[in-house]
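A, B, ... follow the sequence lines: proteins, then strands. Residue 1 opens every chain.
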Amino acid sequence: MPPGADAPASPWSDVERIAVGRSAGGDIVVIGLDHGSEVARRPLTAAEFPAWVAQREHEAGPRGVRWVWPSTAAWYPRLLDAGVRVTKAHDLRLCHAILRDAVPAATALVAATAWDAPDAEEGSSPGALFDLDPGPAAHRDDLDGVLAEIARQDDAAARAVDPARMRLLLAAESAGSLVAAEMRAAGVPWSAERHARILEETLGRRRGDGTPERMAELAAEVRVRLGDPSLAIDSPARLLAALRRAGIRVTSTSRWELRDVDHPAIAPLLAYKKLARLLTANGWAWLDEWVHDGRFRPLYLPGGVVTGRWATSGGGALQLPRRLREALRADDGWRIVSADVAQLEPRVLAAMARDTRMADAARGRDLYEGIVATGAVAHRSEAKVAMLGAMYGATTGDAGRLVPRLRRAFPAAMAAVDGAAATGEAGGVVSTWLGRTSPGVDPGWAAAARSAGASAEAERRVRAARRDRGRFTRNFIVQGTAAEWALAWLADLRLRLAALPPTEGPAAAASGPAFARRAHIAYFLHDEVIVHAPADRADEAAQAIRDASASAGRLLFGSFPLDFRLDLAIRDDAAK
DNA sequence: GGAAACGGCGCG
DNA sequence: AAAGCGCGCCGTTTCC
């Protein structure tokens, strides 16, 4: 069944496409791609480009324009810096990667190697003195190359297993690239003062040597209680040796193993590790490096994870400790509107597997409570551990014991993940709902499989590798489809927010010219979004988040009767 | 002396 | 020492 066979037309389809590249002389060149386009091939200087884009968007009206460019990361920031946003894009680099893997028949894509290179690092900007080789990322800008790649991708999308779904995926991935660039431009509103206060409350003041007081005290305590005055507590190997000398039988120094040990050194050690983690990951050095003018500006990498999830580069934006979220504060006269999806992955699994029993369990309530209500398990915590176990491939422990109950209660959903695992174990490729494919097996796989009988050890390794891969493909279809839902959510949300009128209240100057007066997405973490909204637009922004989640569900899964519930809050930081 | 691997832990 | 997926980043250790 096509996605949303009975769903509204994609909000991302049927718009004017304009290709963007560079001439041999280095000028920016734009050219309309549609039959009879009014946009003839036209050179523009870098100075002219933003205004021309803005004018074209204006003329196109609410549907906007789809800008087909080599990479959003390379082209969009300069528009945003000029205060210009675009409606839609097609990111050739990101879409190349998807199509290359998902449509093996499109052999022309496999050969087009310049499109496989990552975007140039921000630091090594083009034009850096002595930089003789501009790198593959720059070669991609050549307009003739751009047009050739567009032709290859159009052809490949048409040959996809399901062209409609694939085009949706390409549009969603590209929309994600716009959101990523916009979030970087606007930044996460971050109070360095709050952050520093949390650090000092938790770690203590910094001593002369830079070590925080509280950490130094805890380290000293550990040394005393282990009877090892010179212990290098930050070295796992030495710490392990010291623990064993003290008669503590552990095989590693990780928290989950130390947790159960009864010894006076353990409590201060665990406390120390907790503080050390905060200091090294998000301490004063992080604050100095990453927060400026009240904003944290991470570099997001859409499609950076095999499943289609985003990654980040630098700053660890996707690993911010929960307790530091207190430092995420709205500007004066603005609000933080935050929303996260309740049980996104199980819901996505229910929808993609067309499991109406699981959808019934999920509708209008906490999905885990719904599972309890079916009688499959007795408690919410069991439902959760069983569900996670089903999606991750647990075989032992509580999860392994509970998964069979889910298999009986929700055969359709479980058949989907079990089938994906079986395909993976056999060396096959699986795909998400919209058609992103899992990586194939590496060349060593077949050779290893042949050697399976060679020895008991080889046999064991091959079996383990098969099971590992099965767990990966099992999870891939769920995590990857959840990432697609989230992209659809973001894509729809950014257009809804862009349609809200600008505030008449105070501007958020640090969010840059494109967003200083408008509600904008400030943070995204797999199944959670934070919007920075002017106070007079906060309610509308919250509604936009809800509406976008409903749209995303319809876009991917049509009328399949399942809701995606949100936990949503509008926070007034001034009131706290 | 720098790159890569490792142990550990933060997030979903 | 992980049973059970996907990441990034830190400090230490090891390798070249």
Side-chain angles (χ1 to χ4, degrees), chain A residues 210-211 215 231-241 243 248-261 269-270 272-283 285-286 289-290 298-325 340-346 348-349 384-403 417 420-421 424 430 432 436 438-439 464 467-483 485-486 523-529:
Chain A
T211 318
M215 275 179 67
L231 171 63
I233 196 169
D234 292 320
S235 164
R238 294 171 202 226
L239 177 57
L240 180 60
L243 289 168
I248 301 170
R249 280 206 281 280
V250 285
T251 55
S252 80
T253 66
S254 54
R255 197 167 56 87
W256 62 263
E257 194 178 355
L258 295 177
R259 210 173 36 197
D260 303 324
V261 173
L269 176 56
L270 291 179
Y272 174 87
K273 282 155 94 49
K274 191 98 187 153
L275 300 194
R277 165 75 193 190
L278 177 62
L279 175 68
T280 57
N282 298 99
W286 183 91
E289 184 175 356
W290 290 101
L299 180 61
Y300 298 92
L301 303 175
V305 176
V306 279
T307 57
R309 275 187 175 181
W310 290 12
T312 56
S313 174
L318 304 184
Q319 293 101 279
L320 289 175
R322 278 261 158 207
R323 53 167 319 195
L324 271 188
R325 303 274 181 96
D340 64 86
V341 191
Q343 305 101 32
L344 175 59
E345 292 193 350
V348 157
L349 172 59
K384 183 172 180 175
V385 84
M387 200 65 235
L388 292 174
M391 295 187 299
Y392 293 163
T395 55
T396 63
D398 288 347
R401 187 170 49 78
L402 291 166
V403 168
V417 283
V430 297
T432 58
R436 191 189 306 261
S438 66
R467 281 195 303 270
D468 287 351
R469 191 155 189 284
R471 286 192 304 275
F472 168 62
T473 52
R474 169 188 293 272
N475 186 249
F476 182 93
I477 63 166
V478 182
Q479 185 181 123
T481 303
W485 184 93
Y523 189 62
F524 166 62
L525 184 53
H526 308 316
D527 62 356
E528 142 182 20
V529 69

Of A:G397 and A:W310, the one whose closest nucleotide on DNA chain C sits nearer the 5' end is A:G397
Heavy-atom nearest nucleotide on DNA chain C for A:T396 versus A:V306: which residue maps closer to 5'? A:T396
Nucleotide nearest [X] (side chain, heavy atoms from C-beta), chosen from [options]:
| X | options | result |
| --- | --- | --- |
| A:T280 | C:dG4, C:dC10, B:dG12 | C:dC10 |
| A:T307 | C:dG8, C:dA2, C:dG6 | C:dG6 |
| A:T312 | B:dG12, C:dG8, B:dG8 | C:dG8 |
| A:T395 | C:dG8, C:dG6, C:dA3 | C:dA3 |
| A:W256 | C:dC7, C:dA2, C:dT13 | C:dA2 |
| A:V305 | C:dA2, C:dC7, B:dG10 | C:dC7 |
| A:P321 | C:dA1, C:dT13, B:dG10 | B:dG10 |
| A:T251 | C:dA1, C:dG4, C:dA3 | C:dA1 |
| A:Q319 | B:dG7, C:dT13, C:dG8 | C:dG8 |
| A:F472 | C:dG6, C:dA3, C:dG4 | C:dG6 |

Assign [X] to base, sugar-phosphate, or nothing according to its heavy-atom contacts below 4.0 angstrom with the strands shown.
| X | value |
| --- | --- |
| A:R471 | sugar-phosphate |
| A:G389 | nothing |
| A:G315 | sugar-phosphate |
| A:L278 | nothing |

Please state how far atom [atom1] in [X] lies from atom [atom2] in [N], giving the value in whole angstrom units.
| X | N | atom1 | atom2 | value |
| --- | --- | --- | --- | --- |
| A:D234 | B:dC9 | CG | P | 12 Å |
| A:L299 | C:dG8 | CG | P | 12 Å |
| A:R401 | C:dG4 | CZ | C1' | 15 Å |
| A:I233 | B:dG7 | CD1 | P | 19 Å |
| A:R238 | C:dT13 | CZ | P | 5 Å |
| A:R469 | C:dC5 | CZ | P | 14 Å |
| A:L239 | B:dG8 | CG | C1' | 11 Å |
| A:Y272 | C:dG11 | OH | P | 11 Å |

Can you find a heavy atom in the side chain of [X] that is under 4.5 Å from one in the side chain of [Y]?
| X | Y | value |
| --- | --- | --- |
| A:T395 | A:R467 | no |
| A:L278 | A:W286 | no |
| A:V261 | A:L243 | no |
| A:D340 | A:L525 | no |
| A:V478 | A:T307 | no |

Report yes if a side-chain nitrogen or oxygen of [X] is closer than 4.0 Å to either non-bridging phosphate oxygen (OP1 or OP2) of [N]; otherwise report no.
| X | N | result |
| --- | --- | --- |
| A:R277 | C:dC9 | no |
| A:S235 | C:dG11 | no |
| A:K274 | B:dG10 | yes |

Side chain to side chain contact (heavy atoms under 4.5 Å, CB included) assessment of A:R309 paired with A:L318: CA-CA 11 Å; A:R309 275 187 175 181; A:L318 304 184; over 6 Å; no
P gap between B:dA5 and C:dG4, integer Å: 26 Å
Rounded C1' spacing from C:dA3 to B:dA4 in Å: 28 Å
Donor-acceptor check, side chain of A:T253 to backbone of A:L240, threshold 3.5 angstrom: yes or no? no
Does A:R255 get its side chain close enough to the base of B:dC9, under 3.5 Å, for a donor-acceptor pair? no
Scanning all shown strands, the Watson-Crick or wobble mate of C:dG4 with both distances under 3.5 Å is none
